[in-house]
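Below is one structure, written out as structure tokens; comments come after it.
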Amino acid sequence: MVKKELFEKIKELLIENMETGGGKTKPAFHFTKPSPGTYPYQFFWDTCFHVFIFCALEENEMAKSHIRSLFALQREDGFVGHMIYWNRLKPGRWPDFFQSLPTYKNLYKSHMSALIQPPLVAMAIERLIQVSADIHFLREILPCVKKYYQWLADNRDFDGDNLLSIISPFESGMDWKPSYDEVLKFNDGKANKKLFWKVIWVDVRNFLNNYNLKKIRKQNYFQVKDVGFNSIYAQNLRSMSRLCKMLGDPGAKGFNTLAQKVEESILKLMYNEEDAAFYDCYGKDNKQLKVITPTIFYPLGLDGVPQNIVEKVMEIHLFKGEEFQTPYPIPSVAKNEPAFNPTESIYIWRGPTWIVNNWFLYNFFIDNNYRREASQLARCIEGLIEKSGFREYYNPFTGEGYGAKDFTWAGLLLDMLGKEEDK
């Protein structure tokens with residue numbers, strides 16, 4: 001598939017999945033559905049991915065309108081939910097009902113969920129400013145984004161170690177991630193209905209607690225410090241510092257200092273020297289959840305991670321190890337983990353290949369002069385699109401497409417190819 005054809009197909013996909021509305025007496029919205037049937041809402045980190053794709057498509061105004069829409073219902077305290085129900089007030093899947101505050105008002109107006117997703121928005125805005133040089137837009141949106149990151153620091157750093165805790169498996173963006181099984185007291189390895197009800201019960205308990213974070217923290221039935229989530233947090237704090245600097249905002253120093261503290265805690269609490277891996281952790285003692293997933297690589301792009309650790313993790317788990325070596329990498333769980341299942345299932349993120357893991361690893365490769373490895377990942381995604389189209393996830397051995405159709409994440413390939421050309 002030539003790049004021009006790919007460019008046009010991805011552009012057509014995003015336009016087909018786009019929704020616009022509101023205005024006058026209602027908040028205006030403009031967003032792209034990750035998939036028109038399966039995921040018809042505005043999702044937080046999906047919107048950030050779409051901004052990267054729009055920048056690659058040279059559709060900067062669309063990127064701006066998507067960011068404005070993301071913050072249109074922001075609470076006064078800075079909170080932004082992981083799903084925004086624009087003009088579609090009933091959840092498409094019944095378990096989603098428990099991810100919003102239990103109030104009758106949600107039945108009658110557009111509203112947000114009560115959960116969060118990986119805080120990728122600062123990096124998305126930084127990319128947009130890089131390509132558009134629109135300082136006026138930055139002045140407009142920066143106060144909202146500062147309030148959002150302040151809310152995260154104030155409300156989700158439960159233990160005062162500068163790491164954020166998630167209160168539901170759905171907050172990491174990697175639903176059913178097998179490293180959470182230990183916290184859920186699920187010991188069967190392969191996913192089944194028992195796991196389904198254990199995960200749903202977490203959201204039900206949050207719902208019954210009215211998403212009161214003090215109560216949820218005290219009861220401590222699911223609180224995880226996810227290494228992928230916190231690595232994204234640290235990266236975005238660095239982006240926030242740079243965005244503030246562009247406007248001469250005094251908050252730049254504070255964001256940079258906080259990023260350093262987050263990185264120090266990731267190294268101290270999440271890195272296992274013996275295994276040469278970064279693990280999620282939980283509990284008062286920050287017990288490491290020793291399951292190998294691609295998020296062991298997410299901290300490698302952080303400023304505070306020493307080069308010798310970067311090289312050791314890459315050598316053991318990617319370059320010389322067998323854990324992630326498949327024809328269509330990288331699987332969402334190491335092949336030798338008991339939970340590994342490369343086929344289609346409702347228990348996603350337990351084996352199939354997801355574009356976003358390749359994208360994060362690609363960014364590390366391209367920034368650290370692993371040009372050959374970066375190119376291989378990009379070619380892999382191109383091959384998946386050619387073979388199976390725009391699907392939610394793929395079989396790492398056969399490339400067969402699974403899950404939602406007309407799914408937008410494969411469009412991140414354009415961002416990758418653009419960075420490849422820049423280098």
Side-chain angles (χ1 to χ4, degrees), residues 118 156-166 172 174 177-184 187 189 223-238 256-326 329-340 349-351 357-358 360-365 367-370 373 377:
R156 287 304 186 89
D157 178 10
F158 288 161
D159 299 322
D161 55 16
N162 300 299
L163 296 179
L164 304 184
S165 292
I166 60 172
S172 72
M174 300 180 181
K177 189 181 179 186
S179 56
Y180 307 151
D181 289 0
E182 182 177 332
V183 188
L184 295 164
N187 305 310
Q223 291 172 36
V224 173
K225 296 168 187 175
D226 184 275
V227 67
F229 191 104
N230 278 281
S231 298
I232 292 170
Y233 178 50
Q235 284 182 301
N236 279 265
L237 291 172
R238 297 284 190 183
N256 199 51
T257 299
L258 181 55
Q260 292 173 352
K261 292 179 179 179
V262 174
E263 291 167 1
E264 289 169 3
S265 289
I266 288 173
L267 271 173
K268 179 181 178 181
L269 301 176
M270 296 177 159
Y271 183 63
N272 185 295
E273 188 171 1
E274 183 178 352
D275 297 350
F278 290 89
Y279 292 122
D280 304 339
C281 57
Y282 80 106
K284 293 180 180 179
D285 299 327
N286 290 303
K287 183 180 179 181
Q288 292 180 344
L289 298 164
K290 296 185 178 182
V291 179
I292 300 293
T293 76
T295 55
I296 68 167
F297 303 120
Y298 278 45
L300 302 185
L302 300 178
D303 293 351
V305 176
Q307 187 62 26
N308 66 309
I309 290 180
V310 171
E311 292 173 0
K312 189 176 181 182
V313 174
M314 295 300 294
E315 283 295 314
I316 291 175
H317 296 287
L318 195 64
F319 295 153
K320 293 183 178 179
E322 295 288 320
E323 296 156 319
F324 296 102
Q325 299 301 323
T326 59
I330 50 178
S332 47
V333 181
K335 294 186 295 181
N336 59 345
E337 290 287 353
F340 179 73
W349 296 96
R350 297 176 78 91
N357 284 326
N358 283 20
F360 274 107
L361 192 54
Y362 176 93
N363 286 330
F364 163 75
F365 281 154
D367 290 339
N368 290 273
N369 208 30
Y370 290 95
E373 291 81 0
L377 282 183

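Model, not experiment: these values are computed from the prediction.
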Could you tell me if the ring centre of Tyr279 sits under 6.0 Å from that of Tyr271?
-> no
Does any N or O in the side chain of Asn286 come within less than 3.5 Å of the main-chain N or O of Tyr282, such that one atom is a donor and the other an acceptor?
-> no
Is any NZ, NE, NH1 or NH2 atom of the basic residue among Glu182 and Lys290 found under 4.0 Å from an Asp or Glu carboxylate oxygen of the other?
-> no
Hey, what do you get for SG (Cys281) to CG (Leu289), rounding to the nearest 0.5 Å?
-> 7.0 Å
Taking the six-membered ring for Trp, are the ring centroids of Tyr298 and Phe360 within less than 6.0 Å of each other?
-> yes
Any donor-acceptor N/O pair, Asn358 side chain to Pro329 backbone, under 3.5 Å | yes
In residues 314-322, what donor-acceptor pairs under 3.5 Å come from side-chain atoms, sequence neighbours left out?
from   : atom 1 : to     : atom 2 : distance (Å)
His317 : ND1    : Glu323 : OE1    : 2.8
His317 : ND1    : Glu323 : OE2    : 3.4
His317 : NE2    : Asp275 : O      : 2.8
His317 : NE2    : Ala276 : O      : 2.9

Donor-acceptor pair, Ser332 side chain versus Gly351 backbone, under 3.5 Å?
-> yes
Lys225 pairs by side-chain hydrogen bond (donor to acceptor under 3.5 Å, both in side chains) with which of Asp280, Asp161, Asp157?
-> Asp161
Does Glu263 pair with Arg238 as a salt bridge, N-O distance under 4.0 Å?
-> yes
Should the pair Asp159-Lys284 be classified as a salt bridge under the 4.0 Å nitrogen-to-oxygen rule?
-> no
Validation row: Asp181, Arg350 side chains within 4.5 angstrom (heavy atoms) | yes
Donor-acceptor under 3.5 Å (Glu337 side chain, Ile292 main chain) = yes
In Å, rounded to the nearest 0.5 Å, how long is the span from CD of Gln235 to CG of Asn230?
-> 11.5 Å
